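See structure below.
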Protein chains: 2
Amino acid sequence: MAQMGRPRVFDRQQAIEQAMHLFWEQGYETTSLSQLKTQIGGGISAPSFYAAFGSKEALFKEAVQCYLESYARVTDGLWDDEIPPREAVELTLRRSAKMQCESGHPKGCMVALGTMSAPKPEHAHVAKPLAASRSRTHAGFVRCVERGIAMGELSEETDARAMGTMFSSFLLGVSISARDGIKISVFNASITELMKLWDAARNER
Amino acid sequence: MAQMGRPRVFDRQQAIEQAMHLFWEQGYETTSLSQLKTQIGGGISAPSFYAAFGSKEALFKEAVQCYLESYARVTDGLWDDEIPPREAVELTLRRSAKMQCESGHPKGCMVALGTMSAPKPEHAHVAKPLAASRSRTHAGFVRCVERGIAMGELSEETDARAMGTMFSSFLLGVSISARDGIKISVFNASITELMKLWDAARNER
DNA sequence: TCACATATGTATCGATCGGTATAAATATGT
DNA sequence: ACATATTTATACCGATCGATACATATGTGA
């Protein structure tokens with residue numbers, strides 16, 4: 001049997017993406033139910049909202065999941081051992097910066113900017129997947145530097161944690177800078193500079 | 001004549017600092033009136049609050065001003081021409097990172113983290129002084145690189161905007177990383193790495 | 001002593017917050 | 001045709017939002 005009952009008048013997946021854009025731009029707490037209801041499918045009622053998603057928090061979790069499975073994939077290269085570590089780092093920086101400056105969605109990265117909600121203990125579990133993703137990306141940068149050392153490309157004295165934190169913090173800062181209107185061309189030039197640090201850490205041969 | 005009328009039972013300047021800590025940690029919109037009233041002077045009433053500060057927004061502006069005149073001064077070195085540009089950049093990075101990791105107040109920088117409120121046009125003017133401060137710091141980094149070029153220390157081909165954006169975005173990212181628990185020792189090691197970029201841009205002589 | 005100025009406590013304002021109760025509308029399965 | 005399942009629309013819930021009216025308390029200046 002197909003689906004029974006009266007059919008839903010809006011597209012559920014599309015609604016999640018619209019909610020994701022709102023949460024991306026304003027964060028969890030600042031985005032209100034009425035904003036979500038107005039935006040979704042050109043306007044839905046409260047009961048339709050709760051029948052479809054359960055609660056604001058449940059929808060946020062789905063929106064975050066949607067983001068992690070799409071836009072956040074720009075950092076996947078960090079975990080691809082087929083890619084040489086230097087390329088993996090540079091590719092990730094450029095892909096992420098480009099995505100964060102794209103039009104068609106809010107500037108910056110939802111994972112980086114959904115941080116403010118954390119302090120309130122009542123919403124700690126809401127911010128947890130975002131924090132986990134940041135931690136994962138940070139670890140990915142560190143891992144690439146470690147790969148560079150293990151391959152003999154980088155000097156044994158290279159501080160992988162310091163270097164990884166540098167790449168990671170720069171990329172987090174891009175989210176704020178992008179909201180302030182910095183253009184992708186400037187970020188790309190900055191990344192070109194930043195990658196010189198990798199070369200400076202090379203083994204003298 | 002001194003002040004007339006019934007004397008205020010709480011210290012106004014101290015109240016501004018307590019409010020600043022709340023706004024610093026949670027942002028403008030997420031911090032509620034009842035939180036502020038509870039925190040200030042061990043608890044004050046709504047009329048006392050409005051008699052003293054006028055409105056939530058007015059208090060926020062005073063809190064931001066208080067922050068800019070104290071903690072935010074860590075970046076003042078960027079505009080001190082007495083300091084050689086390389087030292088000015090490094091000093092600013094280390095001072096700010098240290099401040100952001102200090103205990104006794106929220107982690108990170110209030111100027112960097114008070115961004116989310118911006119999207120809502122109703123609160124644009126509230127976020128404006130924060131955006132102005134970020135813009136000023138960004139310009140300060142660029143200016144130091146330009147000073148380095150003008151002094152003949154850095155190569156003429158150095159892209160000052162790219163380099164300044166790199167320092168600035170890294171420092172903005174420190175706010176998020178600090179909230180995630182990264183320690184000051186790691187940031188200091190990252191800054192040591194980052195400063196090698198300045199040396200890499202030196203004039204070959 | 002007493003008018004004046006300011007702060008305080010109680011009680012409350014309308015608006016919005018996230019969330020629901022109820023019943024009518026619209027599909028499927030038999 | 002008719003029972004069942006699901007979404008819809010209207011109306012509303014208690015709680016909290018930022019902000020205020022009003023009367024009382026407590027100080028200064030003449």
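This is a predicted model, so every value here is computed, not measured. Note: hydrogens, waters and symmetry copies are ignored here, and every other heavy atom, side chains too, is used. Each chain gets a letter, A, B and so on, in the order its sequence line appears, and its residues count up from 1.
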Can you tell me if the side-chain N/O atoms of [X] get under 4.0 Å from OP1 or OP2 in [N]?
| X | N | answer |
| --- | --- | --- |
| A/Ser45 | D/dT8 | no |
| B/Ser48 | C/dA7 | no |
| A/Ser34 | C/dC17 | yes |

Rounded distance in Å - [atom1] ([X]) to [atom2] ([N]):
| X | N | atom1 | atom2 | value |
| --- | --- | --- | --- | --- |
| A/Leu36 | C/dC17 | CG | C1' | 12 Å |
| B/Leu22 | D/dG18 | CG | P | 12 Å |
| A/Lys37 | D/dT10 | NZ | P | 12 Å |
| A/Leu33 | D/dC13 | CG | C1' | 14 Å |
| A/Phe60 | C/dG19 | CZ | P | 14 Å |
| B/Tyr50 | C/dG9 | OH | C1' | 16 Å |
| A/Glu29 | C/dG18 | CD | P | 10 Å |
| A/Phe10 | D/dT7 | CZ | C1' | 9 Å |

Given [options], which nucleotide is nearest the side-chain atoms of [X]?
| X | options | result |
| --- | --- | --- |
| A/Arg6 | C/dA27, D/dT26, D/dT6 | D/dT6 |
| B/Ala51 | D/dT8, C/dT8, D/dC17 | C/dT8 |
| B/Pro47 | C/dG18, C/dT10, D/dC17 | C/dT10 |

Which residue, B/Thr31 or A/Phe49, contacts DNA chain D at a nucleotide closer to its 5' end, judged by nearest heavy atom?
A/Phe49
Please tell me which of B/Arg8 and B/Ala46 maps to the more 5' nucleotide of DNA chain C, matching each residue to the nucleotide holding its nearest heavy atom.
B/Arg8
Does atom CZ of A/Arg179 have more than 12 heavy-atom neighbours from other groups under 6.0 Å away?
yes
Within the structure shown, what part of the strands sits under 4.0 Å from A/Pro7 by heavy-atom distance: base, sugar-phosphate, or nothing?
sugar-phosphate
Evaluate the criterion side-chain contact (heavy atoms from CB on, under 4.5 Å) for residue pair A/Gln100 and A/Tyr71; output intermediate values, then yes/no.
CA-CA 9 Å; A/Gln100 295 186 47; A/Tyr71 295 100; over 6 Å; no
Polar side chain donor-acceptor pair, B/Glu157 to B/Ser155, under 3.5 angstrom:
yes
Do B/Ile176 and B/Leu113 have side chains that approach each other closer than 4.5 Å (heavy atoms only, starting at C-beta)?
yes
Which of these, B/Tyr28, B/Phe53, B/Trp24, B/Tyr67, sits in a ring-ring contact (aromatic ring centres under 6.0 Å, His included) with B/Phe60?
B/Tyr28
